[in-house]
Protein chains: 2
Amino acid sequence: MATLNRPGAPDGHICGIDTAMEVIGGKWKVLILWALHEHPYRRFGELRRLLPGITEKVLASHLREMEADGIVGRVSYDEVPPRVEYSLTEDGARLNASLEPLAAWGRERADRQG
Amino acid sequence: MATLNRPGAPDGHICGIDTAMEVIGGKWKVLILWALHEHPYRRFGELRRLLPGITEKVLASHLREMEADGIVGRVSYDEVPPRVEYSLTEDGARLNASLEPLAAWGRERADRQG
DNA sequence: GTGGGTGGTTACCCTGTGGTGAGCGAACAG
DNA sequence: CTGTTCGCTCACCACAGGGTAACCACCCAC
């Protein structure tokens, strides 16, 4: 990622929000986070079914980025057919928790607008 | 806007996060929010100076979107040279507050990585 | 041998977002 | 009479992120 390139701060970051936005900056990332929170330890195909509309390519690349960011864990079992399980890391769980107030704000706003 | 178009939910939204992400989905929006929180009632040029690297076009369009979303207020004084003051609405202030946990998560993560 | 399910990869295209640079209208300073 | 401040607007362009679709290796059931 690192679409953010803002001068004015040492590494292009101004406040902590930037760091967080970089990590969740992807069309489906918060939903993947959410899905893994509600349904821990899901397989690739299960996640795909939990997120109607996502394509395999995007799911795979998002998962790999989130894994690299340390918010998603991946365990691959050497079976046939292959089995891979994704889960939230501790950091990912904390990220998800810190998204809750934002979700509450969004829900309230959605309610107000009917 | 409205880059989010995800089937599976009535209006393309699955949880409240989506609504919030739509509102803050813009490269500089959270920073504008932050700047207006730390420096209330700023003028266009002041905001530009507070956000090194932003261009006038992007600042103008982001401000207009945020105004339409009801999180930023705009007051134009009929003077010469023109004077326009931007501020957070109550809803914007609450949005900003609900971003705080996320910012904390980001700060903690930035600290860990040095 | 054909189809299905597993978890992907690869190549290509398309749109939206953001960046660049110019201009504008009025007043005032030099 | 040129330059500056102020808050924009407009036309154009580049690029990355996401979407589309085909393909792969493997095994099993039919």
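Chain A is the first sequence line, chain B the second, and so forth, proteins listed ahead of strands; every chain is numbered from 1.
- For A:Leu31 and D:dG18, the CG to P distance is 12 Å, given to the nearest whole Å.
- Note: CD (B:Glu79) to P (D:dT5) measures 18 Å, nearest angstrom.
- Closest to the side chain of A:Ala60, from the set C:dG8, D:dG18, C:dG19, is C:dG8.
- The backbone N or O of B:Trp105 sits nowhere less than 3.5 Å from a side-chain atom of A:Ser98 that would complete a donor-acceptor pair.
- B:Tyr77 comes within 4.0 angstrom of no nucleic acid atom, judged by non-hydrogen atoms across all strands.
- The base of D:dG19 is paired with the side chain of A:Lys57 by a donor and an acceptor separated by under 3.5 Å.
- Ion pairing between B:Arg48 and B:Glu56 holds under the 4.0 Å rule for side-chain N and carboxylate O.
- Residue B:Arg83 has no polar side-chain atom (N or O) positioned under 4.0 Å from OP1 or OP2 of C:dA27.
- As judged by a 4.0 angstrom heavy-atom cut-off over every strand, B:Arg64 is placed among residues touching the sugar-phosphate backbone only.
- A:Glu56 has its CD atom 10 Å from the P atom of C:dT6, to the nearest Å.
- No salt bridge links A:Glu22 with A:Lys29; every basic N to acidic carboxylate O contact stays at or beyond 4.0 Å.
- Remark on DNA chain C: of its neighbouring residues B:Val58 and A:Arg48, the 5'-side contact belongs to A:Arg48, judged by nearest-heavy-atom nucleotide.
- Look at A:Arg43 and you won't find any side-chain N or O under 4.0 angstrom from OP1 or OP2 of C:dT6.
- Of the two residues contacting DNA chain D, namely A:Val80 and A:His62, the nearest-nucleotide position lying further toward the 5' end is that of A:His62.
- Side-chain nitrogen and oxygen atoms of A:Arg74 include at least one within less than 4.0 Å of the OP1 or OP2 phosphate oxygen of C:dG8.
- Using a 4.0 Å heavy-atom criterion, one finds that A:Arg42 contacts no nucleic acid atom at all.
- Here the side chain of A:Tyr86 is nearest to one of C:dG8, D:dC6, D:dG19, namely C:dG8.
- Screening B:Leu33, B:Leu88, B:Ile32 for a side chain to side chain contact (heavy atoms under 4.5 Å, CB included) with B:Ile71, the sole residue that qualifies is B:Leu33.
- Judged purely by distance below 3.5 Å, without hydrogens or angles, the side chains of B:Tyr86 and B:Arg42 never pair a donor atom with an acceptor atom.
- When the P atom of D:dC6 is taken as reference, atom CG of B:Asp78 falls 17 Å away, rounded to whole Å.
- Side-chain atoms of B:Lys27 lie closest to C:dG19 of the nucleotides C:dG19, D:dG19, C:dG8.
- The side chain of A:Pro82 approaches C:dG7 more closely than any other nucleotide in the set C:dG19, C:dG7, D:dG7.
- Between B:Leu59 atom CG and D:dC6 atom P the separation is 14 Å, expressed in whole Å.
- Per the geometry, CG belonging to B:Leu47 stands 14 Å off C1' belonging to D:dC6, to the nearest Å.
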